[in-house]
Each structure stands twice: as structure tokens, then as C-alpha cells.
Amino acid sequence: MAQQDQLDKKTLPKHLAIIMDGNGRWAKQQGLLRALGHENGTKSVRVVVEACAELNIPFLTLYAFSTENWNRPKREVELLMKLLVSSLKKEIKTLQDNEIKLTAIGNLDTLPKKVYKELLEVIDKTKDNTNMTLTLALSYGSREELVKTVKEISLKVKNNLISRDAIDESVINNHLYTRNLPDVDLLIRTSGEQRISNFLLWQLAYAELYFTDTLWPDFTKTHLFEALLNYQNRERRFGKTSEQLKR
Ligand code: FPP
């Protein structure tokens, strides 16, 4: 049976998040410049986005640029920004053809004007699409998001817009960049690293974690299906016992 047919369409993750890692190592392995690793990484982005849309996974979130990535050499940062603009320009048709709505999370104000403008344009053009929400984490860091959230809520408390006692998990959720997204069900990280790296710390509370040695530019549909099959063979208990789940 084909791998895709082995998947149970009813128990696919609602929200899949991916840390796309290993572009640099892939380039090194091939004797190429890091830039070509990132360029080839964009090919995997397209393959995975289309496959998720085909499978009707409603939310896909990709870690495209972290707050820490600003510390990379200036030329690499510029290249990643350039790639983002060109990918956005090039892929708008893919997004429209697959009815994909683009959104972004992160400290977007810190992005170069050109990137910010292109991003807002594509977000606006795709805002009525309903098949899947593709979220790019850009200049995103979970701790920065949490600090911002605490500041916003405490200001509301100070201005008597909300009482301290009314602060609960849903209030916090509603102040995160991810306020319109459900919790993550499955996190995939490529390239053999087994870390979360400041990505969606709150939102991953009950996520299943899947690590693969495959480098991001080598990540294909087959690897995605493998991860999804692995996810479907796990029992998600959310703190309950196995017996409770069977009732
Ligand atoms: C990690 O590889 C990857 C990144 C920092 C950026 C991810 C960006 C892309 C896949 C391309 C652009 C994205 C979109 C959404 C069009 P690394 O450089 O950390 O690899 P290494 O750990 O092997 O050095």
C-alpha cells in the first residue's frame, strides 16, 4: 500500500509545526556555499506545503527565521531575507491554487521594509483562503513573545481593563502571536538536533515531538508521511491513563 494511503485521514495533526534545520550542513556535504543550502531548502518548503494542503492539514507553521538568526553573518541574513521576498513573489500562485491563507508570527517590525511590505501584501491577497493556514515564524522567539504578552496583560491590569484574578490560560493564549492558531499537535525537527530552540514553548505543551536525521533540503513527501505515520502510532494521553482513553 502506498505510504499516503496508510495514513488515517481522521487522525492527522490539526497543527503541524516544523523546525527546518540543516541547510548549512547540506550545502557543506555537497561542497556548495551555504546560500545554496537555503535555496534548496525553499524547494522542501514548497513540497511540504503542497503535501499538507493535499492532506487537508489545517494549520502548518514553519520556523523560517528566529530572533537569534539576526546574529548570523550580515550576508547570510541578507540572503535569507532576499529568499523570503523571492519565495513570496514566486509562490503566491501556489498559495492561491491550493486555497492557502498565509499568516506570520514574530516581531515583524524588525524585518527589512521590503520583506515586511511583500509579506503584508501576500497575507492580504490570501486572507480569504480557507483550505489551510500557513504561518511563517519570522524574527520569532518564544521568550520574546512571552515577555510581550506579560507586558500587554499587565498594562491592561494597570488600566483596570482586566482584573488580576481573571488572568487564566485563555487570556494568555489570546495575547500570543498565535492567538488564532490551535495548540501544536506535532513538531518535526530535521537534521538530527533534538532541541526546541525557543520555538512555540507555550504552544508545544502537549505536542508530540519527532526528530529526524534528514537535512531540510533532503526532506521530501516520503519523510513527511513517515513522520505522520509515526505520530498516528502514538497514544496521546494528555495526562490521562490509557484505560481512561479507551472508555
Ligand atoms: C536552518 O538551517 C534554516 C534556516 C535558518 C532558515 C530556514 C529557511 C529556509 C528553508 C528558506 C526560506 C524559507 C521560506 C519560508 C521561503 P541552518 O542554516 O541552521 O543549517 P545548519 O544548522 O546546517 O547550519
Side-chain angles (χ1 to χ4, degrees), residues 16-53 59-96 98 100-108 110-112 114-123 125-126 132-142 177 187-200 211-221 223-224:
L16 168 64
I18 307 183
I19 301 179
M20 311 178 287
D21 198 7
N23 293 349
R25 272 161 290 166
W26 180 89
K28 200 168 175 190
Q29 270 183 9
Q30 318 272 326
L32 301 169
L33 293 171
R34 287 181 65 82
L36 283 159
H38 294 312
E39 257 183 64
N40 278 278
T42 62
K43 292 184 190 157
S44 303
V45 170
R46 167 191 262 215
V47 166
V48 166
V49 169
E50 283 184 335
C52 288
F59 297 93
L60 172 65
T61 299
L62 302 177
Y63 207 1
F65 196 87
S66 70
T67 43
E68 291 75 21
N69 285 155
W70 291 115
N71 300 322
R72 291 197 172 193
K74 192 167 166 260
R75 279 187 61 180
E76 182 166 342
V77 172
E78 280 169 6
L79 173 99
L80 281 166
M81 292 299 142
K82 243 194 190 155
L83 264 183
L84 253 166
V85 174
S86 61
S87 299
L88 286 167
K89 280 196 169 76
K90 212 162 71 191
E91 300 303 341
I92 176 88
K93 187 168 167 359
T94 312
L95 297 177
Q96 300 293 36
N98 291 283
I100 300 169
K101 170 176 162 166
L102 185 82
T103 64
I105 55 172
N107 193 355
L108 305 181
T110 59
L111 293 172
K114 213 169 158 192
V115 180
Y116 186 69
K117 190 175 152 268
E118 193 63 39
L119 184 67
L120 288 196
E121 225 172 282
V122 179
I123 289 176
K125 280 188 185 147
T126 59
M132 180 172 98
T133 299
L134 167 64
T135 302
L136 296 183
L138 288 169
S139 191
Y140 175 87
S142 203
Y177 291 130
L187 171 79
I188 298 176
R189 181 170 189 152
T190 58
S191 90
E193 309 293 349
Q194 303 196 356
R195 292 190 285 275
I196 304 297
S197 298
N198 203 14
F199 189 44
L200 304 172
F211 301 105
T212 168
D213 286 339
T214 306
L215 304 173
W216 179 249
D218 285 331
F219 195 85
T220 60
K221 255 186 176 186
H223 297 103
L224 175 70

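When a ligand or atom number is given, it counts from 1 through the structure's own listing order.
For Arg34, the closest heavy-atom approach to ligand 1 falls below 4.0 Å. Residue contacts with ligand 1: Gly22 is included, with a non-hydrogen atom under 4.0 Å away.
Contact annotation for Gln29 and ligand 1: no heavy atom of the residue comes within less than 4.0 Å of the ligand. Of the heavy atoms in Lys28, none comes closer than 4.0 Å to ligand 1. For Asn69, every heavy-atom contact with ligand 1 shorter than 4.0 Å involves the side chain, none the backbone. If you look at Leu136 next to ligand 1, the close heavy atoms, those under 4.0 Å, all belong to the side chain. At a heavy-atom distance under 4.0 Å, no atom of Trp26 approaches ligand 1.
Looking at ligand 1, you'll find an N or O of Arg72 within less than 3.5 Å of one of its N or O atoms. Some N or O of Gly24 is nearer than 3.5 Å to an N or O of ligand 1, by distance alone.
No side-chain donor-acceptor contact under 3.5 Å links Thr133 to the backbone of Lys101. Judged by distance alone, with hydrogens and angles left aside, the side-chain atoms of Arg189 form no donor-acceptor pair with the main-chain N or O of Gln194 at under 3.5 Å. In this structure, Tyr140 contributes its side chain and Ala104 its backbone to no donor-acceptor pair below 3.5 Å.
Counting the atoms of ligand 1 from 1 in the order shown, those under 4.0 Å from a heavy atom of Ser87 are 16 (C).
Of all protein heavy atoms, the one lying nearest to atom 22 (O) of ligand 1 is Arg25 NH2, 2.9 Å. Protein heavy atom in closest approach to atom 14 (C) of ligand 1: Val45 CG2, 4.2 Å. Looking only at heavy atoms of the protein, atom 11 (C) of ligand 1 is closest to Thr42 CG2, 3.7 Å. From the protein, the heavy atom lying nearest to atom 1 (C) of ligand 1 is Met20 O, 3.1 Å.
Across Ile100 and Thr94, no two heavy atoms sit closer than the pair CD1-O, 4.5 Å.
For the atom pair CD (Gln96) and OG1 (Thr126), the distance works out to 6.0 Å, reported to the nearest 0.5 Å.
Ion pairing of Lys82 with Glu78 is absent here, as no side-chain N (NZ or NE/NH1/NH2) approaches a carboxylate O to less than 4.0 Å.
Under the 3.5 Å distance criterion, with hydrogens and angles disregarded, no donor-acceptor pair is assigned to the side chains of Trp216 and Ser191. Using a 3.5 Å distance cut-off with no hydrogens or angles, the side chains of Thr103 and Thr135 do pair a donor with an acceptor. Looking at Thr42 and Ser87, their side chains never bring a donor and an acceptor atom within 3.5 Å of each other.
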